Amino acid sequence: MSKTYNIAVIPGDGTGPEVVAEGIKVLNAAAGKNGFALAYTEFDFGGSRYLKTGETLPDSAIAEFRKFDSMFLGAIGHPEVKPGILETGILLKIRFSLDQYINLRPVKLYPNVETPLKDKGPEHIDFVVVRENTGGIYTGHGGATRVGTPDEIATQLMVYDRRTVDRCLKYAFELKKKRNAGNPKYAAKPITLVHKRNVLTHCGDLWYRAFEEMGSASYPELKRDYNHVDAANMWFVKNPEWFDVAVTENLFGDIITDVGAMIQGGLGVAAGGNINPEGVSMFEPMGGSAPKYAGQKVINPMAAIGAAMMMLDTLGEPKAAQQIEAAMIAVMQKMKSQAAGQMGMSTTEVGDMVAGLVAKQ
Ligand code: IPM
Ligand code: MN
């Protein structure tokens with residue numbers, strides 16, 4: 001009997017369903033090629049369902065997700081829903097409840113993909129951001145009082161405990177070790193902690209000490225570096241070739257990975273994984289629901305295909321993941337642009353071509 005992976009699929013809103021369909025097409029091609037199978041169960045959570053039923057994501061869904069091998073998400077976001085409801089009610093609820101404590105976001109510029117950075121090519125832009133995904137300001141500690149009066153007060157605390165910091169750092173150090181072993185180009189570069197310890201003297205100090213202690217005790221062979229987050233954003237633009245693995249707390253990771261997405265060719269190609277190394281992970285294209293492009297088959301599915309590739313790699317199918325990447329690279333060469341509406345082909349054609357090349361390898 002061949003192995004079957006059970007995948008929970010949340011196509012979500014806007015262009016989510018269109019890009020997820022292409023991701024699944026490519027997943028199926030890779031499965032057929034590599035002697036495993038994928039069984040999908042679709043869930044209709046998202047803005048449209050919320051508008052109809054008032055429900056974001058019931059606890060029973062979390063219990064169900066736990067039974068899957070992995071999850072594949074399109075996009076959550078609806079122009080008619082007030083910001084914050086779907087984000088906290090669906091996306092963050094899944095990340096927190098399933099303890100997906102790593103948000104892994106590769107920043108890799110593929111050949112023939114346009115970057116807004118002058119004089120930079122694929123040899124300069126090839127790193128990963130390890131974003132802590134369950135702590136920090138995102139925990140929602142704090143509150144508001146005297147709301148609506150001139151004396152209104154609002155707080156939202158950056159919350160970190162040593163265990164949460166350590167487990168994220170351990171993942172990042174292990175990843176760095178693995179990358180170094182596979183490629184001397186990566187081995188020459190440091191693992192970089194990104195924070196703001198010149199101002200955030202408590203949280204920054206916790207992260208910095210934990211980073212130094214773990215690095216010197218368990219990974220002395222790995223070069224370590226530290227950047228303040230504002231400077232890291234600057235170096236991502238000016239000298240992206242300095243980076244290999246950058247590890248950071250939740251909000252800083254959110255912010256710097258949008259810069260990362262842009263320098264690797266935009267949201268049409270940027271993918272990420274919400275990873276629980278001991279549990280159920282969820283993979284998603286980084287672009288949102290892009291409602292203005294929905295239903296036109298002009299959205300770029302490459303980011304969703306990249307997310308599918310990351311999913312297979314995490315499930316323990318690295319060969320299938322490599323085949324997908326090779327096919328993506330070949331198809332990107334044929335596309336006019338990675339921007340929605342400017343690809344020179346439709347969403348479906350991109351997916352068909354990648355799937356076709358995977359099957360041919
Ligand atoms: C992301 C998004 C989310 C985040 C939002 C939609 C809650 O920006 O995945 O980067 O802030 O993490
Ligand atoms: Mn973001």
Side-chain angles (χ1 to χ4, degrees), residues 10-16 19-20 23 45-50 56-57 62 70-108 127-142 156-160 164 168 194 229-230 232-233 236 246-276 280-291 294 299 303-304 306-308 310-311 314:
I10 308 175
D13 302 310
T15 52
V19 297
V20 157
F45 300 113
S48 313
R49 177 185 165 124
Y50 170 74
T56 49
L57 185 80
I62 296 291
S70 199
M71 299 175 66
F72 190 32
L73 172 72
I76 299 287
H78 199 290
E80 285 152 45
V81 181
K82 190 177 152 218
I85 295 176
L86 302 172
E87 291 86 343
T88 55
I90 301 178
L91 188 59
L92 298 184
K93 183 166 176 177
I94 295 172
R95 288 177 181 172
F96 293 167
S97 309
L98 297 179
D99 207 15
Q100 294 165 340
Y101 61 86
I102 299 296
N103 198 327
L104 184 64
R105 296 191 159 175
V107 180
K108 185 169 181 176
F127 61 94
V128 292
V129 176
V130 175
R131 165 186 172 188
E132 200 291 319
N133 210 28
T134 55
I137 292 176
Y138 280 74
T139 52
H141 277 257
Q156 211 134 12
L157 302 180
M158 181 178 276
V159 179
Y160 270 107
T164 301
C168 174
V194 175
V229 62
D230 46 350
N233 255 347
F236 274 17
V247 56
T248 191
E249 70 87 41
N250 207 343
L251 180 65
F252 293 157
D254 176 49
I255 295 168
I256 67 175
T257 53
D258 267 19
V259 178
M262 281 302 123
I263 67 172
Q264 73 178 120
L267 290 172
V269 296
N274 302 277
I275 296 176
N276 177 342
V280 184
S281 302
M282 176 171 69
F283 297 84
E284 53 174 333
M286 261 180 68
S289 56
I299 196 77
M310 292 177 74
M311 184 167 92
T314 309

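Residue numbers start at 1 and run along the sequence shown. We count ligands from 1, going down the list as the structure has it; atoms in each ligand are counted the same way. Fair warning: this is a prediction, and the values are worked out from it, not measured in the lab.
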* Please determine which of V81, I94, L92, I90 meets the side chain to side chain contact (heavy atoms under 4.5 Å, CB included) test together with I76. => I90
Residue, atom name and distance, where the atom is the protein heavy atom closest to [atom]:
atom: atom 10 (O) of ligand 1; answer: D254 OD1, 2.8 Å
atom: atom 11 (O) of ligand 1; answer: Y138 OH, 2.5 Å
atom: atom 1 (C) of ligand 1; answer: R105 NH2, 3.3 Å

* Counting distance only, does the side-chain N/O of T15 pair as donor-acceptor with the main-chain N or O of S289 below 3.5 Å? -> yes
Could you list which atoms of ligand 1 come closer than 4.0 Å to a heavy atom of [X]?
X: R95; answer: 1 (C), 4 (C), 9 (O), 12 (O)
X: E87; answer: 6 (C), 7 (C)
X: R131; answer: 1 (C), 4 (C), 10 (O), 11 (O), 12 (O)

Write down the atom of [X], the atom of [Y], and the distance for their closest heavy-atom approach.
X: T139; Y: L157; result: OG1-O, 4.2 Å
X: G89; Y: T56; result: O-OG1, 3.7 Å
X: G260; Y: V107; result: O-CG1, 3.3 Å

* Close N or O approach (N103, ligand 1; < 3.5 Å) -> no
* Asked: Do E284 and ligand 1 have an N or O pair less than 3.5 Å apart?
  -> no
* Can you tell me if an N/O/S atom from D254 lies under 2.8 Å from the Mn ion (ligand 2)? -> yes
* To do: Return yes when M286 approaches ligand 1 closer than 4.0 angstrom through a heavy atom, no otherwise.
  => no
* Verify whether the ring centers belonging to Y138 and F96 lie closer than 6.0 Å. => no
* Asked: Does the side chain of N274 pick up a donor-acceptor pair with the side chain of N133 at under 3.5 Å?
  -> yes
